[in-house]
Amino acid sequence: MKLNAPVCVFAARLTLAAAALTSAGLAAQPIGDYVNSPAPQNTELRERLFDAENQRVFSSELFQEALNSGESLVIRQAALAVGRVGGDEAAALLKPLLANPEAEIAALAAFALGISDAADASTVITQHLQGSPEQEPESRPAVQAAAVRALGHFSDEASFTLLESTLQTTTDRLVQLASLKGFENRMISHPALPSAETIERLTALVEGSTEGQSEARVAAARILFRVGNSPDVQALVDTERLLAAGEATTDSWLRTYLLLSLSRLSSEQPCDAYLRWGSSFEGGPAPRPLKTASLFGLSFCPAGEQINAFLNAHTGSEWPGSVRINALSSLAKLAQTDHELPALLVDLTEDDSLWVASEALKRGMAFTPDAMRPKLQEVLQTPEHPLYVSSLATAGLNATAQEVEHLLGVVSSPESSWELKKEAFTGLRRVRNLDSDSTSRLVEPLRSALTSADVTLVGLALALVDKLELTELGPVIIEAYPELSGPAHLENRVSVTKTLASLEAEGAVDLLTAALEDPERKVAAAAAEALRALTGEDFSERVPFNSVVNDQTPALTMLDAVGGTEVVFETTRGDVVLTLRGDTPLTGMRFVELVIAGHYDGLNFHMILGNYWALGGDATKSGAEHPGELIRDELTPVSHEVGSVGMASNGKDTAFAPFFFNLTPNFNLDQHHTVFADITEGMEVVENLEQGDRILSARIRNPL
């Protein structure tokens with residue numbers, strides 16, 4: 001990491017703060033809030049470990065030295081570094097740690113194996129859990145839990161079988177919850193059909209009333225929601241038992257996930273329950289997540305006076321935006337069967353909330369285009385209309401020739417801004433079948449967009465070239481490729497490899513062969529796959545295990561002082577305070593640098609899913625400059641709980657600035673996205689954020 005002057009000044013303050021906090025006995029542990037560690041020792045060895053991790057350099061000699069140091073803190077840091085750097089050598093180093101008499105170290109080794117991508121990691125974990133002639137099966141709950149949860153990362157049948165059997169038979173609460181989290185991760189990363197015994201176990205857990213089992217009941221309900229789209233699973237689930245559990249529960253999160261599960265699993269939707277559950281809970285109003293889920297469930301019910309009235313009532317401005325959006329989404333689906341509902345959607349396009357208004361326009365065009373088209377035409381004819389920009393993307397839904405003509409005019413005009421062109425290209429991507437004349441007229445606008453300085457515009461152009469199979473633009477892409485350098489264009493370089501393979505463009509093989517040497521592993525892997533498609537040859541051995549890094553690693557005094565640093569986001573809805581964690585210091589230091597540089601000032605929360613997360617901080621969505629460096633994943637055993645903050649990414653080590661607030665327990669994101677902070681003030685502000693709300697400013701709260 002290259003530190004600018006303001007960051008260096010802040011680094012000095014951090015060092016002083018660390019000394020002050022340490023003297024007061026309050027310093028955050030640098031390796032994690034989830035373990036009890038002694039005071040930091042052996043600074044030189046720890047600095048080398050951080051540098052190896054940051055540079056993604058697997059140093060057997062360094063790691064072995066640290067693991068043999070006898071210092072608990074150093075061993076834990078080394079175990080995490082081995083897993084984060086990863087590779088086939090990782091399993092050999094981590095395997096002996098599984099038998100470490102210190103349970104926290106053994107558990108951390110199991111976690112590190114799970115994220116290492118070592119070829120034999122699953123075998124090592126499985127054998128350790130089951131035991132061998134030389135070793136008894138693992139019996140320590142904390143270690144068992146970490147190992148079972150790690151099974152969720154693997155795709156082999158043996159791991160899945162052991163994960164299922166543990167879920168079905170364990171009576172230890174810690175192991176039980178870990179098996180549920182691991183199973184959910186497995187169902188998302190490597191889907192498989194759960195057995196009838198597993199479905200029964202999940203159903204029984206949902207029904208359970210044992211004290212202290214609330215987390216397990218919620219996790220079981222969440223898994224049933226994850227797998228509920230499968231007809232094979234639907235045939236195995238007794239939805240009457242789930243409905244009865246929902247009626248009886250005093251846990252709003254359990255009822256929330258049961259409602260979502262029932263919406264997928266039930267052939268006959270319990271619409272009456274959705275109405276009741278979404279209205280009140282335990283004598284008071286239904287919490288926001290439960291209300292939002294009930295509105296979603298009602299979209300699967302037939303339109304009717306009671307349901308229509310309930311949905312319409314929840315589009316009012318007194319409700320949080322996430323509630324209103326779910327209500328209008330359900331209204332839009334039901335509008336296909338009820339002639340009165342489209343008028344309500346049209347009315348919502350005049351709402352004071354641009355998020356609600358633009359969503360009403362989009363949903364209306366998707367589900368009831370004839371009713372919404374006059375409104376869309378009115379907006380398209382009025383460039384100064386607040387909805388004009390977003391309406392360009394919407395115009396591609398069920399588009400008429402007139403709407404396609406408007407979009408072509410926007411992308412062809414030299415006077416159109418980058419913002420307008422991006423929305424218009426998005427709209428054209430949504431058009432189902434562009435005629436040959438329209439496609440021909442797109443060639444020149446796309447040629448210009450491919451050489452644009454705007455990262456997002458280039459990406460949209462590549463996607464449209466691929467969709468329309470515009471082979472004549474293959475040479476343009478090849479010529480423009482050298483300009484798509486650095487972290488900012490990582491995803492665009494990946495898109496180029498796929499597009500060239502799809503077009504079978506002349507010269508593609510030479511470019512893709514060169515792309516195998518890209519410093520970012522994700523690009524090299526995509527190039528290898530594209531070459532396989534074009535030539536039939538296997539180039540996977542030429543793909544590096546990790547990306548190449550040239551960043552400087554911050555000083556140890558800075559890294560150890562990051563934990564506990566408070567960041568204040570002033571948003572259009574109020575202040576939110578984040579407290580950085582001590583177990584992800586590399587991410588924390590980069591975040592501090594971005595805050596001090598003013599990167600987040602003025603940026604939007606550009607994507608909000610009301611029952612999942614709120615995503616913000618992406619400058620490329622606003623046409624601003626990419627910060628220019630990628631952030632290393634710092635995965636830990638910490639889960640994405642409500643109120644935690646994660647780094648957004650699109651694969652290992654591809655984060656760069658966007659972050660997300662967790663609005664629900666998102667355990668499926670564990671071991672995929674770094675949890676680097678927690679919301680310590682302003683959670684009510686976060687829950688009321690609407691898409692398009694802005695970060696007015698971000699600042700560091702003085703830690704002294």
Side-chain angles (χ1 to χ4, degrees), residues 221 224-225 228-229 234 237 239-240 242-249 252-351 353 355-357 359-372 375 609-612:
L224 289 171
F225 167 62
N229 280 336
Q234 292 165 5
V237 178
T239 54
E240 290 299 321
L242 300 184
L243 183 60
E247 295 285 4
T249 187
S252 67
W253 278 113
L254 177 57
R255 184 173 281 187
T256 296
Y257 281 106
L258 280 173
L259 189 156
L260 292 170
S261 299
L262 287 166
S263 68
R264 287 187 170 180
L265 292 164
S266 298
S267 56
E268 295 185 7
Q269 295 292 326
C271 302
D272 180 62
Y274 296 165
L275 287 169
R276 287 185 289 104
W277 293 4
S279 298
S280 62
F281 183 75
E282 289 292 285
R288 180 195 54 80
L290 178 55
K291 186 173 289 292
T292 302
S294 73
L295 294 167
F296 171 77
L298 288 171
S299 68
F300 297 94
C301 296
E305 183 177 347
Q306 190 177 12
I307 290 175
N308 296 358
F310 184 83
L311 293 173
N312 188 33
H314 284 85
T315 61
S317 59
E318 68 274 17
W319 298 105
S322 58
V323 170
R324 304 179 70 201
I325 291 296
N326 275 270
L328 75 86
S329 296
S330 295
L331 279 171
K333 291 181 181 179
L334 298 184
Q336 297 175 101
T337 59
D338 190 313
H339 70 279
E340 295 181 357
L341 295 179
L344 299 178
L345 292 174
V346 173
D347 288 344
L348 287 171
T349 63
E350 300 292 337
D351 197 271
S353 166
W355 187 26
V356 171
E359 282 294 317
L361 186 65
K362 182 170 71 174
R363 301 290 180 174
M365 283 304 300
F367 292 101
T368 59
D370 291 342
M372 189 60 71
K375 182 64 180 182
L609 293 181
N611 257 14
Y612 296 97

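Position 1 is the first residue of the sequence; numbering continues from there. Only this structure's heavy atoms are used, side chains among them; waters, hydrogens and symmetry mates stay out.
- The two atoms that bring P342 and T368 nearest to each other are CG-CG2, 4.0 Å, heavy atoms only.
- Here the side chains of W277 and L262 are in contact, with some heavy-atom distance below 4.5 Å.
- At distances below 3.5 Å, not a single donor-acceptor pair connects side-chain atoms of T249 with backbone N or O atoms of G246.
- Atom OG1 of T337 sits about 11.5 Å away from atom CZ of F367, to the nearest 0.5 Å.
- No more than 12 heavy atoms of other residues, nucleotides or ligands shown are found within 6.0 angstrom of CD on Q306.
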Evaluate side chain to side chain contact (heavy atoms under 4.5 Å, CB included) for T315 paired with V356, printing each intermediate quantity in order.
CA-CA 9 Å; T315 61; V356 171; over 6 Å; no
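- Judged by the 6.0 Å distance and 45° axis criteria, R255 is not positioned over the aromatic ring of F281.
- Between the CG atom of L254 and the CG atom of L290 there is a distance of 10.5 Å, given to the nearest 0.5 Å.
- Under the 30°/60° scheme for interplanar angles, the aromatic rings of F296 and F300 are found to stand perpendicular.
- N326 places no side-chain N or O within 3.5 Å of a backbone atom of L295 that could act as its donor or acceptor partner.
- Counting all heavy atoms, side chain and backbone alike, V237 lies closest to L242 at CG1-CD1, 3.7 Å.
- For the pair Q234 (side chain) and R264 (backbone), a donor-acceptor distance under 3.5 Å is present.
- Between T349 and A357, the closest heavy-atom pair is O-CB, 3.5 Å.
- F225 CZ to L259 CG: the interatomic distance, rounded to the nearest 0.5 Å, is 10.0 Å.
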Kindly indicate, with the supporting measurements, whether the criterion side chain to side chain contact (heavy atoms under 4.5 Å, CB included) is fulfilled by H314 and L328.
CA-CA 8 Å; H314 284 85; L328 75 86; over 6 Å; no
Run the side chain to side chain contact (heavy atoms under 4.5 Å, CB included) test on C301 and L298 for me, step by step, so that the C-alpha distance in whole Å, both residues' side-chain angles and the decisive distance to 0.1 Å come before the verdict.
CA-CA 5 Å; C301 296; L298 288 171; 4.2 Å; yes
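- Between S261 and A221, the shortest heavy-atom contact is OG-O, 2.8 Å.
- When every heavy atom of V323 is checked against every heavy atom of R288, the shortest pair comes out as CG2-CG, 3.9 Å.
- To the nearest 0.5 Å, atoms CZ (F310) and OG (S330) are separated by 10.0 Å.
- Classification of R324 and E359 as a salt-bridged pair fails, no side-chain N sitting under 4.0 Å from a carboxylate O.
- Closest heavy-atom contact between K333 and S299: CD-CB, 3.7 Å.
- Checked by atom type and distance alone, the side chain of R363 never pairs as donor or acceptor with a backbone atom of A332 at under 3.5 Å.
- A distance-only check finds no donor-acceptor pair linking the side chain of K375 to the backbone of V346 [under 3.5 Å].
- Residue-environment remark: CD (E305) stays at or below the threshold of 12 foreign heavy atoms within 6.0 Å.
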I'd like to know whether L341 forms a side chain to side chain contact (heavy atoms under 4.5 Å, CB included) with L345, so could you lay out the CA-CA distance, the side-chain angles of the two residues, the decisive distance to 0.1 Å, and finally the verdict.
CA-CA 7 Å; L341 295 179; L345 292 174; 5.8 Å; no
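- In this structure, OG on S329 lies 11.0 Å from CG on L334, to the nearest 0.5 angstrom.
- Distance check: D347 CG to N312 CG gives 8.5 Å after rounding to the nearest 0.5 Å.
- W319 places a side-chain N or O within 3.5 Å of a backbone atom of A313 that can act as its donor or acceptor partner.
- Of the possible polar contacts, none joining the S322 side chain to the G610 backbone as a donor-acceptor pair under 3.5 Å is found.
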